[in-house]
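Data first, discussion second: the structure below is written as structure tokens.
Protein chains get the first letters and strands the later ones, always in sequence-line order, with residue 1 at the start of each. Quick caveat: nothing in here was measured; it's all calculated off a predicted structure.
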Amino acid sequence: MTDILKINENIIPKFPKHVRFRFNKARKEWVILAPERLVKLDPIAVEILQLVNGERAVRTIANELSKKFNAPEDTILADVKEMLQDLSDKGFIEENG
Amino acid sequence: MDDVKKQTNLKKASEHGIQAPLALLAELSHRCPLQCPYCSNPVQLEKKTGELTTDEWKSVIDQAVEMGMHQIHLSGGEPTVRHDLEDIVEHCTNKGLYTNLITSGVLLNPDRLKKLEKLGLEHVQLSFQDTDNDNADRIGGFKGGHAKKLEVAKWVREVELPLTCNCVVHRQNIDNLENFIQMALDLDAERVEIAQVQYYGWALKNRAAFIPTPEQLDHATEIVEKARIDLKGKLVIDYVIPDYYAKHPKNCMGGWGRRFLNMNPKGDVLPCHAAETIPHLKFDNVREHSLKWIWENSEAFNIYRGTDWMPEPCKSCDRKEIDWGGCRCQAMALTGDAKNTDPACSISPLHSEIFSMAAEEARRAPPEFIYRRYGVRFNSPI
């Protein structure tokens with residue numbers, strides 16, 4: 001059991017053990033799977049979550065995405081934090097370590 | 001039997017714009033050492049001799065993945081009675097299905113859990129009948145059950161499997177609701193399901209023993225709402241209220257034949273686990289048809305898909321594609337016709353009569369349980 005996580009740029013996010021971020025081949029879509037939960041994801045969320053590996057910090061994720069999409073890092077960082085906070089509140093993301 | 005005559009013109013899944021189902025509830029066996037009087041299995045339990053073989057289940061799993069299903073819930077009865085559970089779990093995880101075991105736990109041991117975890121099992125849902133030891137054993141009809149479950153929960157966490165505590169609540173344990181939540185925290189569960197009894201099959205026969213008063217229910221809902229705020233980010237609390245006291249009916253299964261499949265131990269494919277309580281439905285079996293064919297074509301699915309079948313007041317209701325008319329099995333059980341508006345809906349003409357009767361039952365002393373067993377005979381149908 002972890003305490004409530006507040007996502008900041010230094011946090012290293014990961015998926016809890018019971019949460020799977022998986023590509024469904026038949027449907028050709030990425031989803032988050034958890035007990036009796038299925039979360040469909042928009043393309044931006046998929047980009048972010050593909051970088052969540054329990055090693056990258058939130059700041060690193062935002063940095064890589066800003067390079068990939070040639071977008072301002074501040075804006076991306078805000079989006080990444082917001083999305084991960086939402087998923088964390090629902091129990092789909094936790095802090096590594 | 002009007003329903004049956006009209007079947008030739010039924011629209012199929014694709015004609016309703018319905019995609020592949022999301023999840024499969026696989027009842028591997030109806031055998032179970034417990035005898036919970038609210039069991040979701042049908043009153044006519046399937047015997048071991050009729051159960052699908054390992055290879056038949058593997059074929060079903062292959063088909064489910066090809067269709068695009070995301071999750072499988074290995075359930076029962078008690079799924080661990082099957083000695084091939086390990087084979088089935090391994091096959092599910094090899095194929096990429098999110099694999100969930102729904103168990104009473106009483107037949108598990110640490111070695112078997114460790115093995116299941118190694119084979120890729122992703123989650124365990126462990127049922128609890130109460131937090132009070134003696135009452136839990138009485139409800140489950142299995143002495144020593146509760147103590148064993150507490151041990152099993154520890155073993156689950158020792159092999160680092162995620163845990164959900166499944167707690168079915170009713171008038172005979174609802175005063176322990178806070179204890180249920182605390183128990184889930186103490187057992188280091190990620191999630192707790194607080195589900196009020198749903199009244200079909202066995203539970204309907206025992207309704208007077210289980211149905212809470214409206215006051216008990218309101219109190220329970222307050223406790224859950226507070227705990228959800230206090231434990232946000234620590235413990236996920238799923239809560240199912242008894243729809244008898246709801247204003248709108250539940251959108252049962254997300255609509256008939258829209259999202260889920262249920263398979264019983266002999267391979268009949270059902271729109272929900274209670275569908276066998278609707279006597280005129282004929283179910284197709286995976287020994288005769290592919291899962292995909294059944295999802296698209298089976299009359300038992302197509303008969304209540306969409307909104308064409310609805311009578312009034314559903315037909316002109318602006319919630320008809322939200323609630324989908326509520327629950328067909330409940331309509332069958334309480335009104336004698338599965339097409340009727342689920343009486344849980346406050347707009348149903350039978351709502352007040354049926355639910356004042358249930359509320360009256362809740363105020364009287366609870367009767368003895370009718371335990372879930374093979375071959376129980378009932379004197380009068382409800």
Side-chain angles (χ1 to χ4, degrees), chain A residues 1-43 45-46 48-50 52-54 58 80-97, chain B residues 19-23 25 63-73 93 95-102 117 120-125 156-157 159-166 184-193 195 228-238 240 254 259-260 292:
Chain A
M1 207 75 51
T2 49
D3 285 329
I4 296 169
L5 178 64
K6 185 90 185 79
I7 299 284
N8 64 48
E9 59 181 57
N10 298 319
I11 294 272
I12 298 172
K14 71 175 175 87
F15 294 101
K17 197 175 173 202
H18 64 289
V19 175
R20 295 280 192 265
F21 173 59
R22 214 171 251 176
F23 187 70
N24 186 307
K25 283 182 202 151
R27 293 176 192 263
K28 300 184 179 62
E29 65 180 4
W30 286 93
V31 289
I32 289 178
L33 297 168
E36 296 191 25
R37 294 281 197 287
L38 165 72
V39 185
K40 301 216 173 196
L41 301 160
D42 61 38
V46 172
I48 296 170
L49 293 177
Q50 280 177 320
V52 169
N53 62 357
V58 170
V80 171
K81 281 202 291 196
E82 190 186 338
M83 199 210 67
L84 291 177
Q85 185 68 56
D86 181 48
L87 289 178
S88 168
D89 289 346
K90 290 172 183 158
F92 298 131
I93 283 288
E94 64 185 20
E95 183 179 12
N96 196 13
Chain B
Q19 296 182 337
L22 303 173
L25 180 71
Q63 295 176 51
V65 171
E66 279 162 28
M67 288 172 77
M69 283 197 238
H70 297 285
Q71 301 204 358
I72 187 165
H73 305 288
T93 59
K95 296 285 172 172
L97 277 179
Y98 187 97
T99 306
N100 180 29
L101 180 67
I102 303 177
E117 192 275 334
L121 181 67
E122 284 161 312
H123 183 258
V124 176
Q125 284 182 239
V156 170
R157 300 300 293 130
V159 297
E160 295 183 2
L161 269 168
L163 175 68
T164 289
C165 297
N166 280 7
L185 286 169
D186 293 344
L187 295 174
D188 194 23
E190 274 80 9
R191 181 168 161 270
V192 61
E193 248 185 58
R228 275 184 169 159
I229 295 166
D230 293 349
L231 301 172
K232 184 180 166 188
K234 283 188 180 179
L235 180 70
V236 176
I237 305 177
D238 278 0
V240 181
R259 294 185 180 178
F260 301 105
K292 190 175 176 184

Q) Charged N to carboxylate O below 4.0 Å: is that the case for B:Glu122 and A:Arg22? A) yes

Q | Nearest atoms (heavy-atom pairs only) where A:Ala26 meets B:Glu66 | A | CB-O, 3.5 Å

Q. How long is the span from the CG atom in A:Leu33 to the CD atom in B:Gln71, to the nearest 0.5 Å?
A. 5.5 Å

Q: Kindly give the heavy-atom pair with the smallest separation between A:Arg27 and B:Gln19, and that separation in Å.
A: NH1-OE1, 4.0 Å

Q. Checking B:Leu25 against chain A: side chain, backbone, both or neither under 4.5 Å from a heavy atom?
A. neither

Q: Could you tell me which portion of A:Asp89 (side chain, backbone, both or neither) has an atom closer than 4.5 angstrom to a non-hydrogen atom of chain B?
A: both

Q.
Let's test your reading of the structure: which of B:Asp238, B:Val236, B:Leu163 forms the most heavy-atom pairs below 4.5 Å with chain A?
A. B:Asp238

Q: Give the intermediate values and the outcome of side chain to side chain contact (heavy atoms under 4.5 Å, CB included) for residues A:His18 and B:Arg191.
A: CA-CA 10 Å; A:His18 64 289; B:Arg191 181 168 161 270; over 6 Å; no

Q: Tell me, for B:Glu193 versus chain A, whether the close heavy atoms (under 4.5 Å) come from the side chain, the backbone, both or neither.
A: side chain

Q: Check each atom of B:His123 against the heavy atoms of chain A and say whether the ones under 4.5 Å are side chain, backbone, both or neither.
A: side chain

Q. Which heavy atom of B:Tyr98 sits nearest a heavy atom of A:Pro35, and at what distance?
A. OH-CD, 3.1 Å

(Q) Below 4.5 Å, heavy-atom pairs only: which of A:Ala34, A:Ser88, A:Pro16 has the largest tally toward chain B? (A) A:Ala34

Q. Of the listed residues (A:Arg37, A:Glu29, A:Lys25), which shares the most heavy-atom pairs with chain B below a 4.5 Å separation?
A. A:Arg37

Q.
Heavy-atom pairs under 4.5 Å with chain A - which of B:Leu161, B:Leu231, B:Leu22, B:Val65 has more of them than the others?
A. B:Leu22

